[in-house]
Amino acid sequence: MSLHKKLLMRPRPPMPMGPMKSHGIGRKRDYTPMTWDHYFETIQDVAVGDDGDGDTFRVYCSGTAGPVLVLLHGGGHSALSWAVFTAAITSCLNCRVVAIDLRGHGDTHVENSEDLSAQTMAKDVGLVLKALYGSEAPPMVLVGHSMGGAIAVHAAAANEVPSLIAMVVIDIVEGTALDALHSMQTFLRNRPKCFRSLEHAIEWSVKSGQIRNLESAKVSMAGQVQRCENPTVAFGLSTSLAEGIMEEVDEEEETVAPPHTNELVQIRSQSEAGTNVNYSWRIDLSRTERFWEGWFRGLSSLFLSCPVPKMLLLAGVDRLDKDLTIGQMQGKFQMQVLPQCGHAVHEDAPEKVRMGSSSTLTFFRPCSQTSLVIKANVCKICYFITCKPSPPDPLPTFRSCW
(Lines give C-alpha, C1' and ligand atoms only; values in the text may rest on other atoms or scores of the structure.)
Protein backbone atom coordinates (compact mmCIF):
# COMPACT_ATOMS: atom_id res chain seq x y z
CA MET A 1 0.00 0.00 0.00
CA SER A 2 1.34 3.42 -0.93
CA LEU A 3 2.42 5.85 1.76
CA HIS A 4 -0.21 8.49 1.00
CA LYS A 5 -2.99 5.84 1.19
CA LYS A 6 -1.73 4.79 4.62
CA LEU A 7 -1.80 8.41 5.73
CA LEU A 8 -5.34 8.84 4.47
CA MET A 9 -6.50 5.74 6.38
CA ARG A 10 -4.90 6.87 9.63
CA PRO A 11 -7.63 7.76 12.19
CA ARG A 12 -8.16 11.42 12.92
CA PRO A 13 -7.11 12.81 16.32
CA PRO A 14 -9.98 13.27 18.80
CA MET A 15 -11.87 16.56 18.50
CA PRO A 16 -11.82 18.90 21.51
CA MET A 17 -14.94 18.71 23.67
CA GLY A 18 -17.30 21.60 24.22
CA PRO A 19 -18.52 24.40 21.95
CA MET A 20 -16.09 25.83 19.45
CA LYS A 21 -16.17 28.98 17.41
CA SER A 22 -16.40 28.59 13.67
CA HIS A 23 -13.54 30.19 11.78
CA GLY A 24 -14.90 29.32 8.37
CA ILE A 25 -12.13 26.84 7.59
CA GLY A 26 -14.32 23.84 6.88
CA ARG A 27 -17.32 25.51 5.37
CA LYS A 28 -18.12 24.36 1.88
CA ARG A 29 -17.30 26.95 -0.77
CA ASP A 30 -19.81 27.74 -3.45
CA TYR A 31 -18.56 26.83 -6.93
CA THR A 32 -21.82 27.56 -8.73
CA PRO A 33 -21.06 29.06 -12.17
CA MET A 34 -21.93 32.67 -12.94
CA THR A 35 -23.24 33.82 -16.32
CA TRP A 36 -21.73 36.50 -18.55
CA ASP A 37 -24.64 38.93 -18.16
CA HIS A 38 -23.64 39.69 -14.57
CA TYR A 39 -20.61 41.54 -15.95
CA PHE A 40 -21.16 42.41 -19.62
CA GLU A 41 -24.09 44.28 -21.14
CA THR A 42 -24.36 42.60 -24.54
CA ILE A 43 -23.12 39.59 -26.44
CA GLN A 44 -22.93 39.06 -30.18
CA ASP A 45 -21.38 36.87 -32.84
CA VAL A 46 -19.53 39.08 -35.31
CA ALA A 47 -19.24 37.75 -38.85
CA VAL A 48 -16.10 38.66 -40.77
CA GLY A 49 -15.25 38.14 -44.41
CA ASP A 50 -17.06 38.93 -47.63
CA ASP A 51 -19.73 36.25 -47.36
CA GLY A 52 -22.21 36.15 -44.55
CA ASP A 53 -21.45 32.48 -43.85
CA GLY A 54 -17.80 33.03 -42.97
CA ASP A 55 -16.01 33.10 -39.65
CA THR A 56 -17.87 34.36 -36.58
CA PHE A 57 -16.21 35.74 -33.45
CA ARG A 58 -17.95 35.80 -30.09
CA VAL A 59 -17.75 39.30 -28.61
CA TYR A 60 -18.83 40.59 -25.18
CA CYS A 61 -19.45 44.33 -24.85
CA SER A 62 -20.16 46.99 -22.23
CA GLY A 63 -20.50 50.76 -22.38
CA THR A 64 -21.91 53.09 -25.01
CA ALA A 65 -19.51 56.04 -25.04
CA GLY A 66 -15.85 56.87 -24.69
CA PRO A 67 -12.77 55.08 -26.00
CA VAL A 68 -12.90 51.34 -26.62
CA LEU A 69 -10.82 48.94 -24.54
CA VAL A 70 -10.22 45.89 -26.74
CA LEU A 71 -9.53 42.96 -24.39
CA LEU A 72 -7.56 39.95 -25.67
CA HIS A 73 -7.33 36.84 -23.48
CA GLY A 74 -4.51 34.39 -22.93
CA GLY A 75 -4.02 30.96 -24.50
CA GLY A 76 -6.69 28.45 -23.52
CA HIS A 77 -8.83 31.12 -21.88
CA SER A 78 -11.68 33.14 -23.36
CA ALA A 79 -13.16 36.63 -23.29
CA LEU A 80 -14.97 35.64 -20.10
CA SER A 81 -11.65 35.88 -18.26
CA TRP A 82 -12.17 39.67 -18.48
CA ALA A 83 -15.67 39.59 -16.93
CA VAL A 84 -14.95 40.76 -13.39
CA PHE A 85 -12.32 43.19 -14.66
CA THR A 86 -14.85 44.69 -17.08
CA ALA A 87 -17.33 45.38 -14.30
CA ALA A 88 -14.57 47.00 -12.26
CA ILE A 89 -13.14 49.22 -15.00
CA THR A 90 -16.47 50.41 -16.42
CA SER A 91 -17.52 51.47 -12.93
CA CYS A 92 -14.71 54.03 -12.74
CA LEU A 93 -13.99 54.98 -16.37
CA ASN A 94 -16.26 56.36 -19.06
CA CYS A 95 -15.30 53.81 -21.69
CA ARG A 96 -16.50 50.96 -23.83
CA VAL A 97 -15.28 47.38 -23.58
CA VAL A 98 -15.00 44.82 -26.36
CA ALA A 99 -13.77 41.40 -25.20
CA ILE A 100 -13.12 38.95 -28.05
CA ASP A 101 -12.96 35.16 -28.07
CA LEU A 102 -9.87 34.67 -30.20
CA ARG A 103 -9.62 32.12 -33.00
CA GLY A 104 -9.89 28.55 -31.73
CA HIS A 105 -11.07 29.70 -28.29
CA GLY A 106 -14.37 30.13 -26.48
CA ASP A 107 -17.46 30.33 -28.69
CA THR A 108 -15.70 31.68 -31.77
CA HIS A 109 -16.17 29.52 -34.86
CA VAL A 110 -13.81 29.79 -37.84
CA GLU A 111 -13.16 27.58 -40.83
CA ASN A 112 -9.52 27.02 -39.92
CA SER A 113 -9.42 26.94 -36.13
CA GLU A 114 -5.97 25.36 -36.10
CA ASP A 115 -4.23 28.40 -37.62
CA LEU A 116 -3.20 30.22 -34.47
CA SER A 117 -0.27 32.12 -35.92
CA ALA A 118 0.37 35.59 -34.54
CA GLN A 119 -0.20 37.15 -37.94
CA THR A 120 -3.57 35.44 -38.46
CA MET A 121 -4.90 36.29 -35.01
CA ALA A 122 -3.68 39.88 -35.25
CA LYS A 123 -5.54 40.20 -38.53
CA ASP A 124 -8.63 38.68 -36.89
CA VAL A 125 -8.63 41.48 -34.31
CA GLY A 126 -8.58 44.11 -37.02
CA LEU A 127 -11.37 42.42 -38.97
CA VAL A 128 -13.62 42.12 -35.92
CA LEU A 129 -13.15 45.78 -35.00
CA LYS A 130 -13.78 46.84 -38.58
CA ALA A 131 -16.99 44.80 -38.64
CA LEU A 132 -18.10 46.45 -35.41
CA TYR A 133 -17.19 50.09 -36.13
CA GLY A 134 -16.48 50.42 -39.85
CA SER A 135 -14.01 52.95 -41.18
CA GLU A 136 -14.90 55.61 -38.58
CA ALA A 137 -13.65 53.70 -35.56
CA PRO A 138 -13.44 55.45 -32.18
CA PRO A 139 -10.14 55.70 -30.27
CA MET A 140 -9.07 52.27 -29.12
CA VAL A 141 -6.78 50.79 -26.48
CA LEU A 142 -5.50 47.24 -26.93
CA VAL A 143 -5.29 45.33 -23.64
CA GLY A 144 -3.85 41.82 -23.86
CA HIS A 145 -2.92 39.16 -21.34
CA SER A 146 -0.19 36.57 -22.00
CA MET A 147 -0.81 35.21 -25.52
CA GLY A 148 -3.36 37.99 -25.98
CA GLY A 149 -0.67 40.51 -25.06
CA ALA A 150 1.55 39.13 -27.79
CA ILE A 151 -1.34 39.34 -30.28
CA ALA A 152 -1.98 42.94 -29.21
CA VAL A 153 1.65 43.83 -29.97
CA HIS A 154 1.54 42.12 -33.36
CA ALA A 155 -1.76 43.83 -34.20
CA ALA A 156 -0.37 47.23 -33.23
CA ALA A 157 2.88 46.70 -35.15
CA ALA A 158 0.95 45.66 -38.28
CA ASN A 159 -1.41 48.65 -37.95
CA GLU A 160 -4.44 46.37 -37.81
CA VAL A 161 -6.11 48.92 -35.52
CA PRO A 162 -5.68 52.33 -37.21
CA SER A 163 -7.42 54.25 -34.41
CA LEU A 164 -5.15 52.75 -31.73
CA ILE A 165 -4.09 55.31 -29.13
CA ALA A 166 -2.55 53.14 -26.38
CA MET A 167 -1.62 49.57 -25.50
CA VAL A 168 -1.52 47.57 -22.27
CA VAL A 169 0.36 44.25 -22.14
CA ILE A 170 -0.17 42.07 -19.08
CA ASP A 171 2.46 39.67 -17.74
CA ILE A 172 4.17 38.61 -20.93
CA VAL A 173 7.85 39.17 -21.69
CA GLU A 174 9.74 37.61 -24.58
CA GLY A 175 12.63 36.08 -22.63
CA THR A 176 10.52 34.63 -19.84
CA ALA A 177 7.92 33.31 -22.28
CA LEU A 178 10.48 31.57 -24.48
CA ASP A 179 12.15 29.98 -21.45
CA ALA A 180 8.78 28.71 -20.20
CA LEU A 181 7.98 26.97 -23.49
CA HIS A 182 10.34 24.11 -22.63
CA SER A 183 8.15 23.06 -19.71
CA MET A 184 4.76 23.91 -21.19
CA GLN A 185 3.99 20.44 -22.53
CA THR A 186 4.76 18.96 -19.10
CA PHE A 187 2.37 21.42 -17.49
CA LEU A 188 -0.37 20.54 -19.98
CA ARG A 189 0.13 16.80 -19.46
CA ASN A 190 -0.12 17.14 -15.69
CA ARG A 191 -3.38 19.06 -15.55
CA PRO A 192 -6.75 17.23 -15.59
CA LYS A 193 -8.00 16.15 -18.99
CA CYS A 194 -11.67 16.25 -18.06
CA PHE A 195 -14.12 17.12 -15.28
CA ARG A 196 -17.32 15.64 -13.92
CA SER A 197 -19.07 19.00 -13.93
CA LEU A 198 -18.50 22.70 -14.51
CA GLU A 199 -18.49 23.19 -10.73
CA HIS A 200 -15.72 20.62 -10.48
CA ALA A 201 -13.70 22.51 -13.11
CA ILE A 202 -14.16 25.76 -11.18
CA GLU A 203 -13.08 24.07 -7.96
CA TRP A 204 -9.93 22.70 -9.61
CA SER A 205 -9.01 26.07 -11.15
CA VAL A 206 -9.12 27.76 -7.76
CA LYS A 207 -7.43 25.06 -5.69
CA SER A 208 -4.70 24.53 -8.28
CA GLY A 209 -3.94 28.26 -8.29
CA GLN A 210 -4.67 28.78 -11.99
CA ILE A 211 -7.20 31.44 -10.98
CA ARG A 212 -6.91 32.81 -7.46
CA ASN A 213 -10.14 34.76 -7.55
CA LEU A 214 -13.16 32.49 -7.00
CA GLU A 215 -15.60 34.99 -8.47
CA SER A 216 -13.63 35.24 -11.69
CA ALA A 217 -13.23 31.46 -11.90
CA LYS A 218 -17.00 31.01 -11.58
CA VAL A 219 -17.59 33.02 -14.76
CA SER A 220 -14.44 32.41 -16.80
CA MET A 221 -14.13 28.60 -16.59
CA ALA A 222 -17.23 28.23 -18.75
CA GLY A 223 -15.13 29.68 -21.57
CA GLN A 224 -12.31 27.18 -21.02
CA VAL A 225 -14.24 23.91 -20.86
CA GLN A 226 -17.21 22.53 -22.74
CA ARG A 227 -19.74 19.80 -22.22
CA CYS A 228 -18.88 16.55 -23.98
CA GLU A 229 -21.44 15.59 -26.61
CA ASN A 230 -21.11 11.92 -25.67
CA PRO A 231 -20.03 11.67 -22.01
CA THR A 232 -17.66 8.79 -21.48
CA VAL A 233 -16.58 6.83 -18.46
CA ALA A 234 -12.96 7.15 -17.35
CA PHE A 235 -11.16 4.15 -15.84
CA GLY A 236 -7.74 3.79 -14.35
CA LEU A 237 -6.76 7.45 -14.46
CA SER A 238 -4.01 8.77 -12.24
CA THR A 239 -4.92 10.05 -8.80
CA SER A 240 -1.85 12.25 -8.46
CA LEU A 241 -2.06 15.67 -6.87
CA ALA A 242 -1.55 17.32 -10.26
CA GLU A 243 -4.71 15.66 -11.60
CA GLY A 244 -6.73 15.90 -8.43
CA ILE A 245 -8.14 18.56 -6.21
CA MET A 246 -7.77 18.92 -2.48
CA GLU A 247 -10.88 18.94 -0.41
CA GLU A 248 -11.32 19.37 3.32
CA VAL A 249 -12.98 16.52 5.15
CA ASP A 250 -16.38 17.32 6.62
CA GLU A 251 -16.66 20.51 4.57
CA GLU A 252 -20.33 20.94 5.36
CA GLU A 253 -19.84 21.03 9.13
CA GLU A 254 -20.85 24.35 10.66
CA THR A 255 -18.60 23.81 13.70
CA VAL A 256 -14.93 23.17 13.04
CA ALA A 257 -11.68 22.93 14.91
CA PRO A 258 -9.59 26.05 15.54
CA PRO A 259 -7.30 27.22 12.71
CA HIS A 260 -4.21 25.63 14.21
CA THR A 261 -5.71 22.11 14.17
CA ASN A 262 -4.21 19.95 11.44
CA GLU A 263 -7.03 18.93 9.11
CA LEU A 264 -6.84 15.60 7.31
CA VAL A 265 -6.70 16.31 3.56
CA GLN A 266 -7.76 13.70 1.10
CA ILE A 267 -6.68 13.74 -2.51
CA ARG A 268 -9.67 13.06 -4.69
CA SER A 269 -9.16 12.19 -8.35
CA GLN A 270 -10.98 14.54 -10.70
CA SER A 271 -11.88 11.56 -12.89
CA GLU A 272 -12.33 8.54 -10.64
CA ALA A 273 -12.90 5.09 -12.05
CA GLY A 274 -16.47 4.68 -13.19
CA THR A 275 -17.24 8.42 -13.15
CA ASN A 276 -19.01 10.12 -16.04
CA VAL A 277 -16.77 12.62 -17.83
CA ASN A 278 -19.01 15.52 -18.83
CA TYR A 279 -16.59 18.42 -19.48
CA SER A 280 -13.31 18.69 -21.35
CA TRP A 281 -11.06 21.53 -22.48
CA ARG A 282 -12.35 23.56 -25.42
CA ILE A 283 -8.91 23.72 -27.04
CA ASP A 284 -6.05 21.23 -26.93
CA LEU A 285 -3.18 23.61 -26.31
CA SER A 286 -0.58 20.88 -26.78
CA ARG A 287 -1.45 20.82 -30.50
CA THR A 288 -0.66 24.53 -30.88
CA GLU A 289 3.03 24.15 -30.00
CA ARG A 290 4.23 25.02 -33.50
CA PHE A 291 2.88 28.55 -33.04
CA TRP A 292 4.29 29.29 -29.58
CA GLU A 293 7.66 30.63 -30.63
CA GLY A 294 6.07 32.82 -33.30
CA TRP A 295 3.92 34.51 -30.66
CA PHE A 296 6.88 35.57 -28.53
CA ARG A 297 10.08 35.65 -30.62
CA GLY A 298 11.10 39.30 -31.17
CA LEU A 299 8.21 40.52 -29.00
CA SER A 300 10.25 42.96 -26.90
CA SER A 301 11.63 44.94 -29.83
CA LEU A 302 8.23 44.87 -31.52
CA PHE A 303 6.61 46.20 -28.35
CA LEU A 304 9.15 49.00 -28.03
CA SER A 305 8.71 50.00 -31.67
CA CYS A 306 4.95 50.50 -31.45
CA PRO A 307 4.37 54.28 -31.79
CA VAL A 308 1.70 54.60 -29.09
CA PRO A 309 1.84 55.08 -25.32
CA LYS A 310 2.45 51.68 -23.73
CA MET A 311 1.96 50.10 -20.32
CA LEU A 312 3.56 46.83 -19.25
CA LEU A 313 1.97 45.13 -16.26
CA LEU A 314 3.99 42.33 -14.63
CA ALA A 315 3.42 39.95 -11.76
CA GLY A 316 7.12 40.25 -10.84
CA VAL A 317 10.18 42.30 -11.76
CA ASP A 318 12.15 39.13 -12.53
CA ARG A 319 10.13 38.81 -15.73
CA LEU A 320 11.75 41.89 -17.29
CA ASP A 321 14.32 41.02 -19.97
CA LYS A 322 17.32 43.09 -21.10
CA ASP A 323 15.64 44.95 -23.98
CA LEU A 324 12.68 45.94 -21.85
CA THR A 325 14.89 46.94 -18.94
CA ILE A 326 16.79 49.35 -21.18
CA GLY A 327 13.56 50.59 -22.76
CA GLN A 328 11.98 51.19 -19.39
CA MET A 329 15.03 53.15 -18.20
CA GLN A 330 14.77 55.25 -21.36
CA GLY A 331 11.12 56.00 -20.63
CA LYS A 332 9.77 54.23 -23.71
CA PHE A 333 6.89 52.71 -21.74
CA GLN A 334 5.26 52.78 -18.33
CA MET A 335 5.55 49.75 -16.07
CA GLN A 336 3.70 48.55 -13.01
CA VAL A 337 4.51 45.48 -10.91
CA LEU A 338 2.01 43.43 -8.91
CA PRO A 339 4.15 41.01 -6.89
CA GLN A 340 1.40 39.38 -4.82
CA CYS A 341 -0.60 38.10 -7.75
CA GLY A 342 -0.58 35.15 -10.11
CA HIS A 343 -0.09 35.13 -13.86
CA ALA A 344 -3.76 35.99 -14.45
CA VAL A 345 -3.40 39.46 -12.96
CA HIS A 346 -6.68 40.78 -14.34
CA GLU A 347 -8.58 37.83 -12.90
CA ASP A 348 -6.84 37.51 -9.56
CA ALA A 349 -7.25 41.09 -8.36
CA PRO A 350 -9.61 43.15 -10.56
CA GLU A 351 -11.09 45.14 -7.68
CA LYS A 352 -7.68 45.96 -6.24
CA VAL A 353 -6.60 47.12 -9.67
CA ARG A 354 -9.53 49.54 -9.64
CA MET A 355 -9.01 50.68 -6.08
CA GLY A 356 -5.27 51.11 -6.54
CA SER A 357 -4.18 49.65 -3.22
CA SER A 358 -0.51 49.77 -2.36
CA SER A 359 0.12 46.08 -3.07
CA THR A 360 -1.56 46.00 -6.45
CA LEU A 361 -1.51 47.70 -9.79
CA THR A 362 -2.50 51.38 -9.77
CA PHE A 363 -2.74 51.66 -13.52
CA PHE A 364 -6.48 52.35 -13.55
CA ARG A 365 -6.59 54.20 -10.26
CA PRO A 366 -8.34 57.59 -10.28
CA CYS A 367 -5.97 60.42 -9.48
CA SER A 368 -6.93 63.94 -8.43
CA GLN A 369 -3.81 65.76 -9.57
CA THR A 370 -0.96 65.39 -12.03
CA SER A 371 1.91 67.63 -12.98
CA LEU A 372 -0.05 68.32 -16.15
CA VAL A 373 -3.66 68.98 -15.15
CA ILE A 374 -6.05 67.72 -17.80
CA LYS A 375 -9.25 67.45 -15.79
CA ALA A 376 -10.37 66.43 -12.33
CA ASN A 377 -10.20 62.76 -11.36
CA VAL A 378 -8.05 61.86 -14.34
CA CYS A 379 -6.04 58.66 -14.36
CA LYS A 380 -2.98 57.69 -16.34
CA ILE A 381 -4.87 55.65 -18.90
CA CYS A 382 -7.35 58.51 -19.30
CA TYR A 383 -4.39 60.75 -20.02
CA PHE A 384 -3.29 58.42 -22.80
CA ILE A 385 -6.83 58.30 -24.13
CA THR A 386 -7.62 62.02 -24.09
CA CYS A 387 -4.32 63.25 -25.56
CA LYS A 388 -4.92 63.18 -29.30
CA PRO A 389 -3.32 62.64 -31.68
CA SER A 390 -0.49 61.78 -29.31
CA PRO A 391 0.79 62.83 -25.88
CA PRO A 392 3.82 65.09 -25.57
CA ASP A 393 7.27 63.59 -25.70
CA PRO A 394 8.58 63.07 -23.11
CA LEU A 395 5.49 62.22 -21.08
CA PRO A 396 4.84 64.55 -18.14
CA THR A 397 5.84 63.31 -14.71
CA PHE A 398 2.95 62.20 -12.52
CA ARG A 399 2.99 63.18 -8.89
CA SER A 400 3.23 60.97 -5.82
CA CYS A 401 -0.43 59.93 -5.95
CA TRP A 402 0.89 57.40 -8.45
Checklist entry - Who pairs with S305 by side chain to side chain donor-acceptor pair (under 3.5 Å), at least two apart in sequence or on another chain? => result none

Next on the checklist: Does anything in residues 133-152 form a salt bridge (charged side-chain N to carboxylate O under 4.0 Å, His left out)? List the pairs, not counting sequence neighbours.
Outcome noted: none

Checklist outcome for this item: Quick note, ring-ring contact (aromatic ring centres under 6.0 Å, His included) partners involving residues 135-179, not counting sequence neighbours, are H145-H343, H145-H346

Item to check | Residues forming a side chain to side chain donor-acceptor pair (under 3.5 Å) with E114, sequence neighbours excluded | outcome: R287

Next on the checklist: On a heavy-atom basis, which atom in S220 and which in I211 lie closest, and how many Å separate them?
Outcome noted: OG-CD1, 3.4 Å

Checklist entry - Can you check whether Y60 and F40 have ring centres sitting under 6.0 Å from each other? => result yes

I'd like a table of donor-acceptor pairs (distance under 3.5 Å, sequence neighbours excluded) in which one partner is a side-chain atom from residues 324-332, with atom names and distances.
from	atom 1	to	atom 2	distance (Å)
T325	OG1	D321	O	2.7
Q330	OE1	K332	NZ	3.3

Checklist entry - Can you find a side-chain donor-acceptor pair between T108 and H105 that sits under 3.5 Å? => result no

Can I get a per-line list of side-chain donor-acceptor pairs under 3.5 Å for residues 74-83, giving both atom names and the distance, sequence neighbours left out?
from	atom 1	to	atom 2	distance (Å)
H77	ND1	Q224	NE2	3.4
S78	OG	L80	N	3.1
S81	OG	S78	O	2.8

Checklist entry - Tell me, which pairs form a ring-ring contact (aromatic ring centres under 6.0 Å, His included) where one or both residues lie in residues 155-180, sequence neighbours left out? => result none

Item to check | side-chain contact (heavy atoms from CB on, under 4.5 Å) between L299 and I172, intermediate numbers included | outcome: CA-CA 9 Å; L299 188 64; I172 190 67; 4.2 Å; yes

Checklist entry - Among all residues two or more places apart in sequence or in another chain, which pass the salt bridge (Lys or Arg N to Asp or Glu O under 4.0 Å) test with R282? => result D107

Checklist entry - So which heavy atom on V141 is nearest to which on M167, and how close? => result CG1-N, 4.3 Å

Item to check | Contact check, side chains of F291 and M121, non-hydrogen atoms, under 4.5 Å | outcome: no

Checklist entry - Which pairs with one or both residues in residues 116-131 pass salt bridge (charged side-chain N to carboxylate O under 4.0 Å, His left out), sequence neighbours excluded? => result R103-D124

Checklist entry - What are the two closest heavy atoms between C341 and D348, and how far apart are they? => result SG-CB, 3.3 Å

Next on the checklist: Apply side-chain contact (heavy atoms from CB on, under 4.5 Å) to residues V70 and I100 and explain how you reach the verdict.
Outcome noted: CA-CA 8 Å; V70 182; I100 305 173; 4.0 Å; yes

Next on the checklist: How close do S62 and T90 get, counting heavy atoms only, and between which atoms?
Outcome noted: CB-CG2, 4.3 Å

Next on the checklist: Check for me whether the distance between the ring centres of W281 and F195 falls short of 6.0 Å.
Outcome noted: yes

Next on the checklist: If the condition is salt bridge (Lys or Arg N to Asp or Glu O under 4.0 Å), which residues does E293 pass it with, not counting sequence neighbours?
Outcome noted: R297

Checklist entry - Rounded to the nearest 0.5 Å, what separation is found between the NE2 atom of H38 and the NZ atom of K218? => result 9.5 Å

Item to check | Spacing of T42 atom OG1 and W36 atom CH2 [to the nearest 0.5 Å] | outcome: 6.5 Å

Next on the checklist: Which heavy atom of V128 sits nearest to which heavy atom of V46, and what is that distance?
Outcome noted: O-CG1, 4.2 Å

Item to check | Closest contact, heavy atoms only, I151 versus V125 | outcome: CG2-CG2, 4.2 Å

Next on the checklist: To the nearest 0.5 Å, what is the distance between CG on L102 and OG1 on T120?
Outcome noted: 12.0 Å

Item to check | Residues forming a salt bridge (Lys or Arg N to Asp or Glu O under 4.0 Å) with E199, sequence neighbours excluded | outcome: none

Next on the checklist: Test: salt bridge (charged side-chain N to carboxylate O under 4.0 Å, His left out). Region: residues 39-49. Which pairs qualify, not counting sequence neighbours?
Outcome noted: D45-R58

